[in-house]
Amino acid sequence: MPAIDENAVAESLLRQGLINDVQLDEAREEAQRSGANLVQTLLRLGYVSAHEIAQAVESAASEPAGLESVVSAGLPEVGPAAPSATGGPASLSSYDIDPAAVRALPRALAEEHQVLPISISDERILLAMADPNNMLAIDAVRLHTRRRVEPVQVDPAELTKAIEHYYTAAARAKAAVAQKARDLSAAVVDISERPGVDHELLGMLDQAPIVRVVESLVREAVRQNASDIHIEPRHDRVQVRYRIDGVLQTQTNLRKDMHQYILSRVKILAGEDISENRKPQSGRFEILFEDRPIDLRVSTIPTFWGEKAVLRLLDKGRVFVSLTQLGFLPETMEQFERLLRLPQGLILVTGPTGSGKSTTLYAALHTINDETKNITTVEDPIEYEVEGLNQMQVHPVIGLDFATALREILRQDPDVILVGEIRDLETAQMTFRAAMTGHLVLSTLHTNDAPSAATRLVDMGIPPYIVASSLTGVLAQRLVRRICTRCRAPHQPTPQELTALGLSPESAAKMKFYWGRGCVHCRNTGYSGLVALYELMLMNDEIRRALSKGEDASVLRQIALRTGMKPLRYDGLAKVHQGITTAQEVINVTFAPENM
C-alpha cells in the first residue's frame, strides 16, 4: 500500500476539529521554511498529540490495516508491523502512556506477550510491541479488551523496562494508599485520647457528608489538573479556589458552618493536630485517583475568619516528559543537552516556586539515565519514582538533611547527583565539593534570572573562584499559559503590549499574535496547559573572569547577552509568534526590554 500523504493526514485532523485553519496554515509555513514534514511540524508545535495523529491516519487511510510510513521525521507510525520513521523501532518516550490504558490489560498478559498499552478509546487500543507481527499477542489483547488493536513497534529493552515501571508503580501505589488508610484510621483513635479534643466534632468527621465533600473537592481538583486547592474562610462563607494553569479560580462557595468540619477532616488526613488552631501546621496524605497515586501536601494557618488550608497536589502517576516535549527552542535545547553530556560540573535550574524546575530536572535525568551510570538523588519530597535512579528523601527530624545526605552519597561511587535545592551554605559547600571531584551535579536555586544564580552562591559564602571554576551553566525558567488550541484566533496587539514587549511597529509587523477566545474546553479562559520559557547562561572565560573579580549580576548578564545568551523575553516572543502563548503572558513573567 502506498504511503499516506501528509496533507491527507492534516486535512483529516482539520475535519475532526483537532486543529483549526490558522494552526494548519502556520504549520505549513513552518514546514516549508524548515524543510520538515507537515505532520511532524504539527506535533512539534504542540497542536496535536501522537495519539490524535494516529486517529487521523486511521481516518485518512483507505484500509485501516497495513499502514506504511506516515511521516519522515521522527513520528512513530501506527499499524501492523509499523517501524519508526527512521526505519527502526520507535521510542516510547515519544508517547504519553495513559494510565487507563495500562489498567485495561493485566500485568500477567502484558509480561507474557511483552506488550504495553499506550492509549485506549471505545473502539481501539494502541499497543507498544517488540514484534508487531505477533498475531498471538494481538489476538490475546483484542479478546481481553474487546477492542481493535493497533500495534506500534518499540525497542524491546525499553519496552521491558516500561512494563516493569508502569505496572510496579501502580501496585506500589495501591499498597501504599491502603496502608495509609489503615494508618489514618488508627490516627483518629489516637487523637480521641488527647486532652482538649472535641469528641462531638471528632464523631462528625467520619460522617458521610463531610467525607464526600472533602473527597469531591480533591478529586475534582485532580480532574481539572489543578496544582493547589485553597480552602479559605470568609465572614459568611467558605471559599474554595483551585490554581489551574498558574491562576487561582473560584471553584465553589460552601456554607460557613461547614468550615470547622472540613478543616478538621483535612487536618486529620494530613496528620495535623485538630485541637490546635492558633499556629500554622503542615502535613501530607495520599489518595488514589483512577489508580494514580496523588500526594497532597497540606499547610494550615490561622486567619481572622478561621483557619485557611492550602493543599498542593502532586500527581505521582503523571507520565514523564522528555526534554523535547518541554518547549525548548532548538538552539537552547542543543546547548542544554551538551551540558548534560559533560562528565562533571554543576548545572543549576532557577526560578520561583512552581516554575517547573523539578519537571525540567527529571526530564534531564531521563535523557542521561542508562545502566552505565550511577545516578543518585536527594529530594524533598520525591516527586516521581524513576526506574534506574537511587532516590533519597530528606528527613530533617532525624538529622538527614541535604548536606548530610550528600556527604553519604559521595561514598556511593556516584556519576550523577541531583540535589533537590541548595538552601544553605552547608548544602552549597557539599554540592560544589561533589562538582569539583568528578561528578555531574544538578540542582535548583531561587533567583530571578540565570546570571543572578552565580552571585547568589557567592553571597551564600562560596568563594567566587570556586563558583567560576565549577559552575558550567544556569537555566532560568518561567511558566506561561498555553493558548487553547480549540479556540485560538489571530490577535492584534495593543500599543501598550508592543511597548511592554519592546517591539517597534516594524518589528511587530513581522510577527504573528494570537489569543484564545474562550470555549467550553478551556472553561472560557482562552488558555489550556502551561509551557516554559527558558534562559540558558553558559559559563565562558569572560563570565568567569568577571565573577572572580566580584562583578555583580547586571554585569554578568550583559556579558552573557553579548556572548550569545537568549533571554526569557526572546524565548517568549518566539512562542508568541508560534501561537503557543499570548503577548500578555510573556509580559507578565519576563523582565523589561532594557534588561534583555
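Quick caveat, the model's predicted, so the values are computed rather than measured.
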Please lay out, stage by stage, how Leu536 and Leu339 fare under the test side-chain contact (heavy atoms from CB on, under 4.5 Å).
-> CA-CA 11 Å; Leu536 178 60; Leu339 286 178; 4.0 Å; yes
Given Thr353 and His446, is the side-chain contact (heavy atoms from CB on, under 4.5 Å) satisfied, shown in steps?
-> CA-CA 8 Å; Thr353 300; His446 290 101; 3.5 Å; yes
CA sep, side-chain torsions, deciding dist, call: Glu497, Phe513, side-chain contact (heavy atoms from CB on, under 4.5 Å) = CA-CA 11 Å; Glu497 287 176 329; Phe513 295 83; over 6 Å; no
side-chain contact (heavy atoms from CB on, under 4.5 Å) evaluation trace for Val576 with Thr581 | CA-CA 5 Å; Val576 168; Thr581 190; 4.1 Å; yes
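Annotation for Leu568 and Leu533: closest pair CD2-O, 3.4 Å, computed over non-hydrogen atoms. Glu26 and His577 make their closest contact through OE2-O, 3.7 Å (heavy atoms, listed as atom of the first residue, atom of the second, distance). Contact between Ile483 and Gly516 at its shortest, heavy atoms only, is CG2-N, 3.7 Å. Residues Ile347 and Thr472 approach most closely at CG1-OG1, 3.5 Å, considering heavy atoms. Taking each heavy atom of Asn369 and Gly388 in turn, the nearest pair found is OD1-O, 3.9 Å. Heavy atoms only, all atoms of each residue included: Arg481 and Asp245 are closest at CG-O, 3.1 Å.
By the 4.5 Å heavy-atom criterion applied to side chains, Thr582 and His491 are not counted as neighbours. Counting heavy atoms from C-beta outward, Val416 and Leu442 have side chains that approach closer than 4.5 Å. With a 4.5 Å cut-off on side-chain heavy atoms, His230 and Asp228 count as touching. Side-chain contact check for Val555 versus Ile559: some heavy-atom pair is nearer than 4.5 Å. No side-chain heavy atom of Pro352 sits less than 4.5 Å from a side-chain heavy atom of Lys357. Residues Met565 and Arg557 meet the side-chain proximity criterion, which asks for heavy atoms closer than 4.5 Å. Contact annotation: the side chain of Glu535 approaches that of Pro451 to within less than 4.5 Å [non-hydrogen atoms, C-beta and beyond]. By the 4.5 Å heavy-atom criterion applied to side chains, Lys575 and Glu585 are not counted as neighbours.
Applying the side-chain hydrogen bond (donor to acceptor under 3.5 Å, both in side chains) rule to Ser443 yields no partners; only residues at least two apart in sequence or on another chain are considered. Listed by chain and residue number, nothing satisfies the ring pair (Phe, Tyr, Trp, His ring centres under 6.0 Å) test with Tyr514 (two or more places apart in sequence, or in another chain).
How far CD of Gln335 is from CD of Glu331: 5.0 Å, rounded to the nearest 0.5 Å. Taken from CD in Glu421 to CG in Leu361, the straight-line distance is 11.0 Å, to the nearest 0.5 Å. Expressed to the nearest 0.5 Å, how far OG1 of Thr350 lies from CG of Asp449 amounts to 7.0 Å. Here the straight-line distance linking atom NZ of Lys373 with atom CG of Leu440 works out to 9.0 Å at 0.5 Å rounding. Taken to the nearest 0.5 Å, the CG atom of Leu538 stands 8.0 Å off from the CD1 atom of Ile543. Summarising the geometry, atom OG1 belonging to Thr590 is positioned 3.0 Å from atom CZ belonging to Arg569; distances are rounded to the nearest 0.5 Å.
In summary, the side chains of Thr360 and Gln477 do present a donor paired with an acceptor at a separation below 3.5 Å, with no hydrogens or angles considered. Between the side chains of Gln224 and Gln251, a donor-acceptor pair is found at a separation under 3.5 Å.
Note: Phe328 and Tyr534 have parallel aromatic rings, judged against thresholds of 30 and 60 degrees for the angle between ring planes.
Under the 3.5 Å distance criterion, the side-chain polar atoms of Arg486 are left unmatched by any main-chain donor or acceptor of His521. Counting only distance, with no hydrogens or angles, the side chain of Thr444 and the backbone of Gly420 share a donor-acceptor pair below 3.5 Å. A donor-acceptor pair under 3.5 Å is absent between the side-chain atoms of Ser507 and the main chain of Leu503, judged by distance alone. With Asp541 contributing its side chain and Arg544 its backbone, the two residues share no donor-acceptor pair below 3.5 Å. Without hydrogens or angle criteria, Arg478 side chain to Gly351 main chain gives no donor-acceptor distance under 3.5 Å.
Salt bridge status for Glu220 with Arg223: present, with a side-chain N to carboxylate O gap under 4.0 Å. A salt bridge links Glu29 with Lys512: the closest approach of a Lys/Arg side-chain nitrogen to an acidic carboxylate oxygen falls below 4.0 angstrom.
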